[in-house]
Amino acid sequence: MERKEFFVIGNWKSNKSIPEAESWLYEFHTLLQKKSIPDTTKVILCPSFIHLAPIGKLIRELNLPVELCVQNVSSFSSGAYTGEVNAQQVKDLVSYGLIGHSERRKYFQETDYLLEQKVLQLKGAGIEPIYCVQNDQQSFPEECTFIAYEPVWAIGTGTPDKPENANRVTTLLKSRAKKPIQVIYGGSVTDMNVSQYFRQTDIDGVLPGGASLKAESFYRLIQNACL
Ligand code: PGA
């Protein structure tokens, strides 16, 4: 059977110093000497802003098949917005941008309107938005062709959504979109349950948070996905 393309996107959230992030990459590189990443699996990491440049450099030096995704971006372009990092500033460092994660909505009061501005900023910089929704009812900007279904109750709780239900939501989201979209699932994905999501017909990948923090568990998750 032909293997489908499958995304494994590690969300480090607000974790790791620069030396810790670098050690993670060295360890990951060593693990990949045992068994490389399957050709059909696309590995993406979402580290904090401070990591994008040094991690990007190390990824190139170690020749790792890993792309980067920014966890957040300003809703404005460049200018007098103290503390913000805009899409144009990171466009040479990342291919993807995570938008609308439930933690951003909850702790930083991000609204649908603001998120749409962020999507436009990313698109304008040639960065692919990965737009998070929490259920099958939530809308997403029509420019978005990459969606992450992440039920709030499953994030960081150890209680993932059932693979069959995640697939049902994914199918619904795909049927609502005006053009073909990719949908991944996130919420307590681990090396132990990832293959169940891989086997679902409509799920195009996973977005592990906690399980991406250690190189070893992330490596296992990647290898177990398509078992
Ligand atoms: P979790 O986080 O894997 O730790 O549940 C997922 C996410 O928030 O993206």
Side-chain angles (χ1 to χ4, degrees), residues 6-16 20-21 24 28 41-49 51-52 55 66-73 94-110 112 115 118-119 122 127-136 138 140 144 146-167 169-170 173 181-200 202-226:
F6 197 68
F7 288 85
V8 178
I9 308 183
N11 180 8
W12 283 357
K13 308 192 179 183
S14 189
N15 288 294
K16 298 191 189 301
E20 284 167 351
W24 188 105
F28 190 61
T41 305
K42 285 198 84 174
V43 177
I44 300 172
L45 274 183
C46 316
S48 305
F49 288 121
H51 297 311
L52 295 177
I55 289 276
V66 174
E67 288 185 272
L68 290 179
C69 173
V70 67
Q71 287 180 19
N72 178 35
V73 82
V94 303
S95 314
Y96 300 89
L98 199 59
I99 296 294
H101 192 283
S102 57
E103 289 153 10
R104 303 272 342 149
R105 293 176 189 262
K106 180 175 171 196
Y107 299 116
F108 305 96
Q109 290 77 45
E110 294 195 347
D112 286 350
L115 297 175
K118 294 188 176 202
V119 166
L122 287 181
I127 302 170
E128 184 67 52
I130 302 174
Y131 194 90
C132 303
V133 298
Q134 280 87 59
N135 54 56
D136 56 20
Q138 202 164 16
F140 49 87
C144 292
F146 202 148
I147 305 295
Y149 162 54
E150 294 218 313
V152 179
W153 50 264
I155 296 177
T157 58
T159 310
D161 196 358
K162 290 199 175 60
E164 298 72 22
N165 192 55
N167 194 57
V169 173
T170 300
L173 292 168
I181 60 168
Q182 283 171 306
V183 183
I184 59 171
Y185 166 74
S188 297
V189 176
T190 66
D191 58 327
M192 302 300 284
N193 61 24
V194 62
S195 64
Q196 298 174 42
Y197 297 97
F198 177 81
R199 276 187 228 122
Q200 303 301 317
D202 274 343
I203 298 180
D204 300 301
V206 288
L207 180 50
S212 71
L213 290 177
K214 290 209 165 75
E216 160 97 67
S217 59
F218 191 60
Y219 166 81
R220 274 203 313 268
L221 194 154
I222 292 165
Q223 300 299 0
N224 288 357
C226 42

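Whatever order the structure lists ligands and atoms in, that order sets their numbers, starting from 1. Residues: numbered from 1 along the sequence shown.
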_For ligand 1, which is the ligand I care about here, please tell me if Lys13 has any N or O atom under 3.5 Å from one of the ligand's N or O atoms._
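Min N/O separation from ligand 1 is below 3.5 Å for Lys13.
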_For ligand 1 and Gly187, I'd like to know whether there is a polar contact (N/O to N/O, distance under 3.5 Å)._
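N/O-N/O distance under 3.5 Å: no.
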Below 4.0 angstrom from a heavy atom of [X], which ligand 1 atoms are there? Numbered from 1 as shown, please.
X: Ala154; result: 5 (O)
X: Gly156; result: 1 (P), 4 (O), 5 (O)
X: Leu207; result: 6 (C), 9 (O)
X: Gly210; result: 1 (P), 3 (O), 4 (O)
X: Pro208; result: 3 (O)
X: Asn11; result: 9 (O)

*Pick one of side chain, backbone, both or neither for how Ala148 approaches ligand 1, counting any non-hydrogen atom pair under 4.0 Å.*
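For Ala148, there is no contact with ligand 1 at all, from either part.
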_If we ignore hydrogens and angles and just use 3.5 Å, is the side chain of Asn15 paired with the main-chain N or O of Trp12 as donor and acceptor?_
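It does hold such a pair.
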*asked:* Among residues at least two apart in sequence or on other chains, which ones pass ring-ring contact (aromatic ring centres under 6.0 Å, His included) with Tyr149?
replied: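 With sequence neighbours excluded, Tyr149 shows a ring-ring contact (aromatic ring centres under 6.0 Å, His included) to Tyr185, given in chain and number order.
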*May I ask you to identify the nearest protein heavy atom to atom 3 (O) of ligand 1, giving residue, atom name and distance to one decimal place in Å?*
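Result: Gly209 N, 2.8 Å.
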